[in-house]
There are 2 protein chains.
Amino acid sequence: MITSHRITPIAEVEGESVTVSRLKAACSNCNLRELCMPAGISSTELDQLDELVYARRKVKRSDALYRTGDPFEALYAVRTGFFKTRLTFQDGRDQVTGFLMAGELIGLDGIGTEAHTVDAVALEDSEVCMIPYAKLEALSGEMPSLRTHFHKVMSREIVRENSVMMLLGTMRAEERLAAFLLNLSQRMVSRGYAALEFHLRMTREEIGSYLGMKLETVSRLFSRFQAEGLIEVDQKYVRIKDIDGLKAIYAHHTH
Amino acid sequence: MITSHRITPIAEVEGESVTVSRLKAACSNCNLRELCMPAGISSTELDQLDELVYARRKVKRSDALYRTGDPFEALYAVRTGFFKTRLTFQDGRDQVTGFLMAGELIGLDGIGTEAHTVDAVALEDSEVCMIPYAKLEALSGEMPSLRTHFHKVMSREIVRENSVMMLLGTMRAEERLAAFLLNLSQRMVSRGYAALEFHLRMTREEIGSYLGMKLETVSRLFSRFQAEGLIEVDQKYVRIKDIDGLKAIYAHHTH
DNA sequence: CGCCAGGTTGACACTTTTCAAGCCGCGTGG
DNA sequence: CCACGCGGCTTGAAAAGTGTCAACCTGGCG
């Protein structure tokens with residue numbers, strides 16, 4: 001068990017303003033605990049978890065939390081802000097593989113090869129809790145509830161990606177965009193934000209990249225959804241006016 | 001620790017011929033060990049692993065190893081044969097999310113919700129090793145090397161799915177099919193089979209489903225690849241004649 | 001104040017799907 | 001043993017959906 005917390009320099013990324021603070025991150029006080037950590041955990045276990053979270057780190061908008069090829073050291077839980085993960089193909093094409101908000105875990109891609117396979121980029125000024133992976137491995141040996149929870153988190157990521165595959169493989173552009181808006185809305189709700197009104201943190205191009213379409217198609221669809229009275233859009237601002245209408249597009253499958 | 005191996009009935013799936021045999025599956029003797037299990041494991045640890053694999057199970061062609069909604073009990077390592085996993089959407093559309101061959105692990109989708117979220121279907125008469133998940137959880141508490149290995153396997157599955165997302169999101173049909181053939185070829189090689197000649201275990205429709213295109217498109221592309229001298233196709237038989245040509249299609253990105 | 005990234009919209013091109021017809025090969029049953 | 005049926009595959013022609021290219025707009029920031 002670690003009793004004195006050493007402050008050591010962490011991953012200095014050239015040319016970027018990365019701040020690491022030892023604030024004693026304290027899962028035990030964190031209001032994201034429900035999202036982030038195993039439910040029904042005992043208070044002694046919670047103390048152990050507090051050992052796990054090494055430090056917080058601030059990441060400025062458009063800076064990378066890590067990059068493809070970086071050695072894998074830690075997982076990160078988003079405290080505040082918004083990230084995307086981006087996979088770059090050998091010929092330079094890239095694709096957004098995920099958008100991450102508060103309480104979600106970034107970095108699972110690195111475990112398998114001990115190096116990151118995607119870039120994680122902040123879409124707004126953000127803060128993460130850093131979870132050194134070696135500690136997580138060790139602690140999960142002693143703490144079955146943590147282990148089980150961690151496995152569930154990974155499995156759910158696999159399942160999420162399955163449904164993205166289905167989205168990309170079988171759905172039309174309008175269905176994908178409806179699914180995307182509904183998914184965002186739902187995640188806002190579970191964080192206590194308004195369900196039907198939000199600011200997009202990403203550009204049309206990033207949305208399109210995630211959904212496998214061009215930015216022009218995204219833009220046209222926003223316009224069309226608005227014309228049909230489903231939503232109200234003004235640049236990054238979106239208000240869902242007819243959620244059932246969106247659900248119908250997403251699921252009803254006119255064919 | 002379990003010393004006497006009880007033979008209890010396992011998941012009786014109605015109307016399907018599922019055979020479970022207690023053959024003392026014995027990872028220690030298994031020629032798939034390199035694929036399936038952590039490298040550099042000690043022999044005492046290997047004995048522990050043998051405890052983990054509860055039984056083998058035969059699955060006939062077109063039967064399901066498990067179905068969406070089935071309670072999650074175990075992971076399965078493919079011993080022989082070939083499987084697909086299939087995700088079904090609420091409106092009935094479905095998509096193949098993976099093809100699995102010997103040494104690969106099926107069932108990770110179930111951990112997160114304790115119920116399976118896809119169907120796993122044998123594409124030929126197959127046999128799997130059953131790994132009860134509760135045992136894996138428990139044993140991974142005691143055995144760091146197993147724990148680490150398991151986490152890597154899950155992470156690699158996430159990474160694999162990332163690259164399928166890229167395939168579906170950014171590549172054209174011909175690029176996807178080339179990527180598919182190259183991937184199959186590579187996996188054959190790592191199992192000691194011929195790299196450039198194989199029998200497809202899946203239909204055009206299943207390939208198309210996995211790659212997000214219609215079976216007619218798959219068929220046309222096979223014909224075109226053949227006409228261009230890249231491959232030789234006769235129904236399920238495929239021979240790669242110009243692997244560099246395929247790689248060029250996959251990666252070169254004519255645009 | 002002017003630039004520029006990000007967004008919108010139109011016209012047209014291209015890829016892939018859809019629909020349709022026909023072929024092949026294999027297993028089943030007469 | 002052969003005929004039949006049927007799933008799986010191939011191919012063509014037309015339609016639909018999305019991408020490409022281009023012009024223009026807007027708002028924020030240096």
Side-chain angles (χ1 to χ4, degrees), chain A residues 60-62 82 84 93-96 121 123-125 167-181 199-228 231-238 249-250 253-255, chain B residues 60-62 82 84 93 95-96 121 123-125 167-181 199-228 231-238 249 253-255:
Chain A
K60 285 232 169 121
R61 181 191 151 99
S62 90
F82 205 91
K84 68 173 175 185
R93 278 180 286 188
D94 59 23
Q95 170 149 16
V96 173
V121 177
L123 296 184
E124 63 183 30
D125 291 356
L167 194 108
L168 293 171
T170 73
M171 291 186 169
R172 304 184 354 190
E174 58 173 16
E175 298 174 300
R176 294 182 210 176
L177 190 63
F180 172 75
L181 290 173
H199 280 271
L200 300 172
R201 307 304 155 93
M202 67 296 276
T203 66
R204 301 289 188 265
E205 184 167 24
E206 287 161 334
I207 296 172
S209 173
Y210 182 63
L211 297 178
M213 61 182 96
K214 294 294 161 187
L215 68 95
E216 292 94 331
T217 305
V218 176
S219 181
R220 274 187 246 276
L221 284 172
F222 272 135
S223 301
R224 213 184 82 202
F225 283 1
Q226 180 161 53
E228 290 169 347
I231 61 175
E232 203 180 305
V233 206
D234 179 23
Q235 302 284 96
K236 307 246 165 166
Y237 167 84
V238 173
I249 288 181
Y250 164 54
H253 183 211
T254 342
H255 186 73
Chain B
K60 286 229 167 121
R61 182 191 151 97
S62 91
F82 205 91
K84 69 174 174 184
R93 279 180 286 188
Q95 170 148 16
V96 172
V121 177
L123 295 183
E124 62 183 33
D125 292 357
L167 193 109
L168 293 171
T170 73
M171 292 187 168
R172 303 179 354 163
E174 58 174 18
E175 299 174 300
R176 295 182 210 176
L177 191 63
F180 173 73
L181 290 172
H199 279 272
L200 300 172
R201 302 307 176 16
M202 66 297 279
T203 66
R204 301 287 188 267
E205 184 167 24
E206 286 162 336
I207 296 172
S209 174
Y210 182 62
L211 297 178
M213 60 184 96
K214 293 295 161 187
L215 67 97
E216 293 94 329
T217 305
V218 175
S219 180
R220 276 185 245 275
L221 286 171
F222 272 135
S223 301
R224 213 184 82 202
F225 283 0
Q226 181 161 50
E228 290 168 350
I231 61 174
E232 204 180 303
V233 205
D234 180 22
Q235 303 283 97
K236 308 246 163 164
Y237 168 84
V238 173
I249 288 182
H253 184 209
T254 343
H255 188 75

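In what follows, every chain begins at residue 1, and chains take the letters A, B, ... in the order their sequences are listed.
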Notebook entry, point to check: Starting at CD of A/Glu174 and ending at P of D/dT18, how long is that distance when rounded to a whole Å?
Noted result: 7 Å

Check: The side chain of B/Arg204 lies closest to which of these nucleotides: C/dG7, C/dT17, D/dT10?
Finding: D/dT10

Checklist line | From C/dG6, D/dG19, D/dG8, nucleotide with atom closest to B/Thr203 side chain | finding: D/dG8

Check: Given atom CG of A/Leu221 and atom C1' of D/dG19, what is their separation to the nearest angstrom?
Finding: 13 Å

Next item on the list: Mind checking A/Gly212 for me? I need base, sugar-phosphate or nothing, with any heavy atom below 4.0 Å counting as a touch.
Entry: sugar-phosphate

Notebook entry, point to check: When you measure from the side chain of A/Gln235, which nucleotide among C/dG7, C/dT16, D/dG19 comes out closest?
Noted result: C/dG7

Notebook entry, point to check: Has the side chain of A/Glu216 got a donor or acceptor that lies under 3.5 Å from a partner of the other kind on the base of D/dC21?
Noted result: yes

Check: Who pairs with B/Ser219 by side chain to side chain contact (heavy atoms under 4.5 Å, CB included), at least two apart in sequence or on another chain?
Finding: none

Notebook entry, point to check: Short question: side chain of A/Arg201, backbone of A/Phe82 - any donor-acceptor pair under 3.5 Å?
Noted result: no

Next item on the list: Compare the minimum distances between each of D/dT10, C/dG7, D/dT18 and the side chain of A/Ser219, then state the nucleotide with the smallest one.
Entry: C/dG7

Notebook entry, point to check: What is the minimum heavy-atom distance between B/Ala178 and B/Ile249, and which atoms define it?
Noted result: CB-CG2, 3.9 Å

Item checked: Electrostatic pair A/Lys214-A/Glu216, nearest N-O below 4.0 angstrom -> no

Notebook entry, point to check: How close or far is atom P of D/dA14 from atom NZ of B/Lys214, stated in whole angstroms?
Noted result: 22 Å

Next item on the list: Starting at atom CG of A/Leu215, determine the distance to atom C1' of C/dT9, rounded to an integer number of angstrom.
Entry: 12 Å

Check: Atom CZ of B/Arg172 and atom C1' of C/dT16: how far apart are they, to the nearest Å?
Finding: 11 Å

Next item on the list: Look at the side chain of B/Arg220 against the base of C/dT18 and say whether a donor-acceptor pair falls under 3.5 Å; ignore hydrogens and angles.
Entry: yes

Notebook entry, point to check: Does a nitrogen or oxygen in the side chain of A/Ser223 sit under 4.0 Å from OP1 or OP2 of C/dT8?
Noted result: no

Check: Between atom NE2 in A/His199 and atom P in D/dG28, what is the gap in whole Å?
Finding: 12 Å

Next item on the list: Report the distance from atom CD of B/Glu205 to atom P of D/dT10, rounded to the nearest whole Å.
Entry: 13 Å

Notebook entry, point to check: CZ of B/Arg61 versus C1' of D/dG7: gap in Å, rounded?
Noted result: 10 Å

Next item on the list: Applying side chain to side chain donor-acceptor pair (under 3.5 Å), name anything that partners B/Lys84, two or more places apart in sequence or on another chain.
Entry: B/Glu206

